[in-house]
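First the structure, which I've put down as structure tokens, then a few questions once you've had a look.
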Amino acid sequence: MRDAVGSVRSVLLLGGRSEIGLAVVERLVREGAREVVLAARGGTELPGVLDAPGLQVHSLEFDASLPETHADTVARAVELVGDLDVVVDAFGVLGDQAAYEADPVAAARDSAVNYTGHVSVDLAAAARLREQGHGTLVVLSSIAGVRTRRFNFVYGSAKAGLDGFAQGLGDALHGSGARVLVVRPGYVPTQMSRHVDPAPFPATPAQVAAAVARGLRTGAHTVWAPPVLRPLFTVLRTLPRPLWRRLSR
Amino acid sequence: MTVLLSGWGRTAPSAARVVRPRDAAQVAQVLAGAGPRGALPRGLGRSYGDAAQDAGGTVLDCTGLTGPVRFDAARGEVTAAAGVPLGRLADALLPHGHVLPVVPGTGYVTLGGAIAADVHGKNHHADSSLGAHVRSLALVTPDGAVRLVGPGGAGRPEDGPDGVTDDDPELFWATVGGMGLTGVVTGATLATLPVETAFARVDTDRTADLDATLDLLSRESGHRYSVAWIDLPGGGRSVVSRADHAHVGDLSLAARRAPLRGGAAGPAATVPFTAPAGLFNRWTVGAFNRAYYHRAPRRRRGQIQPLAAFFHPLDGLRAWNRAYGPAGAVQYQCVVPPGEEDTLRAVAAELARVPTFLGVLKRMGESTPGPLSFPRPGWTLAVDVPADLPGLRELLDRLDRRVLEAGGRLYLAKDARARPGTIRAMYPGLPDWRRTCARADPDGVMVSDLARRLGLRARPEKE
């Protein structure tokens, strides 16, 4: 159960090796979570950052590209820890835009992971949360999906789809006791993004985790990391196309 | 019908199927048909946290369990259905010249809910909690049986009006303070208190700080009722009310003609909408507290007040929890043993640094044998804090440790955020209570969000 100050008991991380995802889990453990399931392709090692007295960390096989297995993934997580208080959907791939343009098949394959993979597993998770009458699905979107840009539109368009999907899912769950928290980080320097040039207003994984914790505490439906991106994008979203196109980043 | 339910603090809502049984037979039917996520009785939803929620399960809205209030003048006992609000029960008793033995801060709690929380009132130091005055209660357990159980010992009921008495004091005391987790209380018989009038005779004092408040409340003044409304951010200065039931001779000549009339609650206004976010802050609370303190007389003796107004000053305003805003509030209520005034001072000092209003300090007397019953001899302090206050989790965890070290405990009817291990340590009777629960409900049908969060019924949860 989520308590009145935003602490939870159990967390399922989809994308068990995601740096941002692990930072979120680490934060939730610090605030009281004691049952963690890390779901990733090929399983995961117990990350050193997760340590607390009485903490139980389980590993679960999860392949985003196999939607037919996703309901089973969620069911097995429930078998391991019971009610899922928080599900953190943090998996994704970030390829190189130029390479995508040269290899449309790879672009489509990664887009399937970044969009339809979330559709199937999030719907399965949402069904479980609805059944248990409580719980929060945290969806890692990105500012790349708020308005797609020339330099990363393959990745950005999948995130745009995911963002819209997550908002709709949140509305569908309204009144069910379950909620969706959409997280929109800016540029986050991690292993996944090291081939991308840094952008203004970066956020560390810990800052993203803090934003998620804030969202859980206040019951927000959307959080931005850093928070300044929200007013910034209110303006950027209205820029005329010729101007937007010229923005290198 | 699936409904989103929350406690009075409006935090952490969850969804449940809500049904409204009208009698014990329908209760048994609902319990028999409960799904894998169990069932739970709910009254008027005045517990602050998640005690009356069962996410994904079946919640029995017990306000439909009503019926005639039967007063036995010879024994001075009243029998009523569990869904009757205590305020209405009190109104029904007054014409007979009797009042409830224990009255909590609001009349909008059902009889069943009051027993499940083993509520206390301003007279706890003199009369203990409600459970001490329950002669018997009718409990529907998940097997469908309607059991009439009593407290055992000298207070053991003779065969009740319904014929069967189940001699099971263990189950009785697991139910008193048991937060609805032993089954569904459908009715109860209580001892009552004879009075001459429908009025209280109230002495009011203003104190300058916490020490003066403690000193005044410690004095053996002989008052049946005493309570301090405390301004924690203002250093613990308080408005102390101490009272007794008024005698006929205390009333005005006009009122003496019908001394049992005029004690009922007046019409209530309703807070029309949820206050905007952030309204519940240091400044608004400070202004409210200052105004409340200075409005009270420095010293007044023998003021005659209708009982409802004295017992339930906030009941004139319905849905006042909307004033907390969208984030809701947490009420922190702890009790510390006598001699632990330093702990109380430390807790008060920490809470003085955050916006709190409606702080209440009270001296507590004898406890009941209920393993999960909250009241213990000593001091109880209760304050409301905005739930979205940054750092609240850490602050309250810190206070929990101090309270636990002092041998104190938290009130489950108010809790919305304690850790399982803390509650386990504060309630050493929990293993006994679990065994009794397992006997009455071997399949674990009765469950609540509170029980899930704190691992009350389950095997000990990992900390």
Side-chain angles (χ1 to χ4, degrees), chain A residues 1-11 27-36 51-58 75 78-86 126-136 172-179 210-211 213-221 223, chain B residues 2-7 9-17 35-37 48-50 53-59 277 326-332 385-397 414-421 448-455 458 460-463:
Chain A
M1 307 301 311
R2 179 173 69 94
D3 72 10
V5 292
S7 292
V8 296
R9 183 188 59 89
S10 64
V11 188
R27 171 90 189 204
L28 296 181
V29 165
R30 194 143 39 94
E31 298 187 347
R34 287 299 176 265
E35 300 266 8
V36 172
D51 187 32
L55 177 67
Q56 293 250 329
V57 183
H58 309 269
V78 172
E79 275 170 36
L80 287 169
V81 299
D83 279 9
L84 303 173
D85 296 348
V86 175
R128 168 64 203 184
L129 300 190
R130 183 188 283 281
E131 186 189 324
Q132 69 188 28
H134 73 102
T136 307
L173 287 174
H174 185 77
S176 73
R179 297 190 303 128
R214 193 172 63 241
L216 284 175
R217 191 158 54 80
T218 61
H221 52 75
V223 289
Chain B
T2 299
V3 179
L4 211 52
L5 297 172
S6 71
R10 294 158 51 99
T11 56
S14 71
R17 186 174 71 97
R37 297 191 64 82
Y48 267 72
D50 45 10
Q53 299 168 214
D54 175 16
T58 304
V59 167
V330 171
Q331 183 170 92
Y332 190 78
V385 193
D388 60 350
L389 192 76
L392 182 61
R393 173 190 300 113
E394 293 73 18
L395 169 68
L396 298 184
D397 283 350
K414 306 294 178 71
D415 179 56
R417 35 63 49 194
R419 315 268 180 179
S448 62
D449 287 0
L450 176 89
R452 282 197 186 93
R453 178 168 60 77
L454 296 174
E461 276 191 53
K462 283 134 252 160
E463 197 30 10

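Chain letters run A, B, ... following the sequence lines, proteins first, then strands; residues in each count from 1.
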Task: Minimum side-chain heavy-atom gap B/Arg419-B/Leu454 below 4.5 Å - done: no
- [ ] Apply the test side chain to side chain contact (heavy atoms under 4.5 Å, CB included) to residues B/Arg37 and A/Asp83: give CA-CA distance (whole Å), side-chain angles for both, the deciding distance (0.1 Å), then the verdict.
- [x] CA-CA 11 Å; B/Arg37 297 191 64 82; A/Asp83 279 9; 2.6 Å; yes
Task: Greatest number of heavy atom pairs closer than 4.5 Å to chain B - which of A/Glu31, A/Arg130, A/Glu131, A/Arg214 - done: A/Glu31
- [ ] Among A/Arg2, A/Arg217, A/Gln132, single out the residue with the greatest number of heavy-atom pairs under 4.5 Å to chain B.
- [x]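 The candidate making the most pairs under 4.5 Å is A/Gln132.
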TODO: Identify which part of B/Leu450 has an atom lying under 4.5 Å from any heavy atom of chain A, answering side chain, backbone, both or neither.
DONE: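 For B/Leu450, there is no contact with chain A at all, as no heavy atom is under 4.5 Å.
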- [ ] Pick whichever of B/Asp388, B/Val330, B/Leu5, B/Asp54 has the most heavy-atom pairs under 4.5 Å with chain A.
- [x] B/Asp388
Task: Trace of the side chain to side chain contact (heavy atoms under 4.5 Å, CB included) decision for B/Arg453 with B/Asp50 - done: CA-CA 9 Å; B/Arg453 178 168 60 77; B/Asp50 45 10; 2.6 Å; yes
Open item on the list: Between A/Gly82, A/Gly177, A/Ser7, who has the most heavy-atom pairs with chain B when the cutoff is under 4.5 Å?
Closed with: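 Going by pairs under 4.5 Å, I would pick A/Ser7.
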Open item on the list: Do B/Arg417 and B/Leu396 have side chains that approach each other closer than 4.5 Å (heavy atoms only, starting at C-beta)?
Closed with: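 They are in contact (side-chain heavy atoms under 4.5 Å apart), so the answer is yes.
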- [ ] May I ask you to decide if A/Gly135's main-chain N or O and A/Asp85's side chain share a donor-acceptor pair within less than 3.5 Å?
- [x] no
Task: Engaged part of A/Ser176 at the chain B interface, taking heavy atoms whose separation is under 4.5 Å - done: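 A/Ser176 touches chain B through backbone heavy atoms alone.
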Open item on the list: Please classify the contact between B/Ala327 and chain A as side chain, backbone, both or neither, with a heavy-atom cut-off of under 4.5 Å.
Closed with: neither
TODO: Identify the heavy atoms of A/Gly215 and A/Arg179 that sit nearest to each other, and give their distance.
DONE: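 Distance-wise, the nearest heavy atoms are O-NH2, 4.0 Å.
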